[in-house]
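Worksheet for the structure shown next.
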Amino acid sequence: MSFPLPPPMRRALDLAAEAAEAGEVPVGAVVTVGDQIIAEARNSMLGEIDPTAHAEMVAIRAAAERLGSPRLDQCTVWVSLEPCAMCAAAMANARIAALRFGAEDPKGGGVIHGARIFAQPTCHHRPDVLGGIGEAEAAAQLRDFFLARR
């Protein structure tokens with residue numbers, strides 16, 4: 001039995017599909033306060049010519065601007081792929097309350113894999129983390145994107 005995805009994850013997956021259409025790695029991110037989406041983004045590193053333009057980074061910046069504060073302690077980040085170390089560190093610095101992600105990233109992840117930013121003793125804030133939401137669709141988007149490029 002499958003359950004419908006929470007609307008923010010559905011939107012993150014739709015944004016990931018938009019990223020793929022633009023030739024970017026298919027990752028989408030949404031920031032919510034309660035049930036309200038306050039910011040969203042897709043990967044745009046190539047289009048912006050910016051190595052930090054990961055979906056999570058762009059969405060966090062937009063949320064901070066919208067709320068007028070670098071502290072996002074009432075926010076949840078929904079992202080189609082496990083965040084990398086850079087994005088996880090940004091979430092810790094922004095004091096993100098919760099992280100919800102789709103597919104794990106064994107090669108580039110920084111939460112469950114790799115650097116495991118939130119597990120480090122130097123990490124001063126750890127959001128509530130839950131992965132695997134929409135995992136099959138997120139993994140398929142990534143697999144299809146990279147298969148088409150081989």
Side-chain angles (χ1 to χ4, degrees), residues 1-64 66 72 74-120 123 125-150:
M1 174 185 230
S2 70
F3 296 95
L5 289 174
M9 185 56 79
R10 174 76 267 144
R11 182 63 184 143
L13 289 164
D14 291 345
L15 288 162
E18 290 177 20
E21 289 173 17
E24 302 274 359
V25 174
V27 179
V30 168
V31 180
T32 60
V33 174
D35 292 334
Q36 181 183 8
I37 293 174
I38 63 162
E40 61 180 41
R42 62 169 179 80
N43 268 4
S44 56
M45 292 176 18
L46 299 174
E48 296 295 324
I49 312 171
D50 179 356
T52 70
H54 291 197
E56 304 95 304
M57 297 293 286
V58 176
I60 288 168
R61 287 184 197 122
R66 177 156 181 198
L72 304 177
Q74 72 276 36
C75 295
T76 298
V77 173
W78 301 77
V79 61
S80 58
L81 180 66
E82 174 187 351
C84 71
M86 173 182 68
C87 294
M91 289 178 203
N93 286 323
R95 307 299 194 261
I96 295 293
L99 165 63
R100 304 293 182 251
F101 69 87
E104 290 186 11
D105 186 356
K107 290 184 179 181
V111 177
I112 305 299
H113 299 93
R116 294 183 173 104
I117 294 297
F118 304 137
Q120 300 305 314
C123 183
H125 175 78
R126 293 164 181 84
D128 178 63
V129 176
L130 179 62
I133 304 168
E135 180 175 18
E137 183 175 345
Q141 286 179 330
L142 290 155
R143 185 174 47 255
D144 294 347
F145 178 81
F146 288 112
L147 277 174
R149 277 149 184 75
R150 291 189 184 134

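Positions are given from 1, in the same order as the sequence printed here. These numbers were taken from a predicted model, which means no experiment stands behind them. In what follows, every heavy atom counts, from backbone to side chain, and hydrogens, waters and symmetry copies are set aside.
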Task: Any side-chain heavy-atom pair of S44 and V58 under 4.5 Å - done: yes
Task: Any side-chain heavy-atom pair of E56 and V27 under 4.5 Å - done: yes
Open item on the list: Around atom CG of L147, are there more than 12 heavy atoms from other residues, nucleotides or ligands closer than 6.0 Å?
Closed with: yes
TODO: Any salt bridge (Lys or Arg N to Asp or Glu O under 4.0 Å) involving residues 133-146? Give me the pairs, sequence neighbours left out, ordered by first then second residue.
DONE: R10-E137
Open item on the list: For residues 30-40, which residue pairs pass the salt bridge (Lys or Arg N to Asp or Glu O under 4.0 Å) check, not counting sequence neighbours?
Closed with: R11-E40
Task: Interatomic distance, L15 atom CG to W78 atom CH2 [nearest 0.5 angstrom] - done: 14.0 Å
Task: Between CD1 on residue I96 and CD on residue Q74, distance to nearest 0.5 Å - done: 8.5 Å
Those residues that, when tested against [X], pass side-chain contact (heavy atoms from CB on, under 4.5 Å) (two or more places apart):
X   : answer
A16 : P26, S80, Q141
A59 : A29, V31, A41
A64 : L72
M86 : T52, H54, M57, C84

Closest heavy-atom contact between [X] and [Y]?
X    : Y    : value
I38  : C75  : CD1-SG, 4.0 Å
A12  : V30  : N-CG2, 3.8 Å
A88  : F118 : O-CE2, 3.3 Å
C123 : I117 : CB-O, 3.3 Å
M91  : V77  : CE-CG1, 3.8 Å

Review item, side-chain donor-acceptor pairs of residues 97-114, under 3.5 Å, at least two apart:
from	atom 1	to	atom 2	distance (Å)
R100	NH1	D128	O	3.1
R100	NH1	D128	OD2	3.0
R100	NH2	D128	OD2	2.7
E104	OE1	H113	NE2	3.4
D105	OD1	K107	N	3.3
D105	OD1	G108	N	3.0
H113	ND1	E82	OE1	2.8

